[in-house]
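Taking it in order: structure first as structure tokens, then the write-up.
Computed from a predicted model, the values in this text were never measured in an experiment. Atoms within each ligand, like the ligands themselves, are counted from 1 in listed order.
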Amino acid sequence: MRLDKLLSQMQVGTRSQVKEYIRNGNITVNGLVVKKPDYKADEQKDHICFMGKALKFQKFTYYMLNKPSGVVTATKDNRDRTVMDLMQDAVGKDLFPVGRLDKDTEGLLLITNDGALSHRLLSPKKHVEKTYYVECEGTLSSEGILMLEQGVDIGDEKRTLPAGVSNVKQSDGTYSMLLTITEGRFHQVKRMIGAVGGTVTYLKRISFGGLVLDETLEKGTWRALRQEEMEQLDKQGG
Ligand code: URA
């Protein structure tokens, strides 16, 4: 694999950053400085160092995407743009989104090729927390909020599990709040709000499994997860 591609896959930096590191002589392969970004390196055999520190090849890659409204959470779609269309330059084979956000929902989406982690994070048994910033209209009473907190009938066999509600703000029939759920039922937040007399007008996921949306990411942009963020996810899916 090209050295610059391999280094960005190892999350040393973006493709342009790693090219810069290579040209500046910060990278050695088997003890020798390599200054060509297109140098063919072998990730299994070569000993690669960045500023004297040995790098380990990562089998999987992990990204956070700030999903904009208007794109579907799928790898392919015949009609709509998908979240993977936004990830064209991401390094790593067979990337896919972990879980689903509706076409009109924005915010944090984890993109990876680590099937086992995805499985753990989405398992109904693990109760991984997801927090949404919700704006809605309607008549949302304090009883309604209490129902969300205790578990609400959304027409499924079972009520939802208790949700966390915080930062409730109200002005002229519109409300905003943070809602934390530990399940992943179809249109769950919209149906929960609907069950207590509201209609969601805006929905954005701000955290998932301890991973918090980086608010400096513009809508539609993404970045590789940092080491501490990956460790956080690992703990949650445990
Ligand atoms: N709940 C919803 O209703 N929609 C989403 O996109 C995510 C959670």
Practice prompt. Answer yes or no: does atom NZ of K19 have more than 12 heavy-atom neighbours from other residues, nucleotides or ligands under 6.0 Å?
Written response: yes
Discussion item. Taking atom CD as the centre, does E228 end up with more than 12 heavy-atom neighbours from other residues, nucleotides or ligands that are less than 6.0 angstrom away?
Written reply: yes
Worksheet entry | Summary of salt bridge (Lys or Arg N to Asp or Glu O under 4.0 Å) pairs that have at least one residue in residues 47-57, sequence neighbours excluded | none
Worksheet item: If we only count heavy atoms from C-beta on, is the T75 to P97 side-chain gap below 4.5 Å?
Response: yes
Discussion item. Measuring only between side-chain heavy atoms, which start at C-beta, is I193 closer than 4.5 Å to T199?
Written reply: no
Worksheet item: Are R185 and E183 ion-paired here, with the side-chain N under 4.0 Å from a carboxylate O?
Response: yes
Worksheet item: How would you list, by chain and number, the residues with a heavy atom under 4.0 angstrom from ligand 1?
Response: L101, D102, T105, Y132, H187, Q188, V189, K190, L203
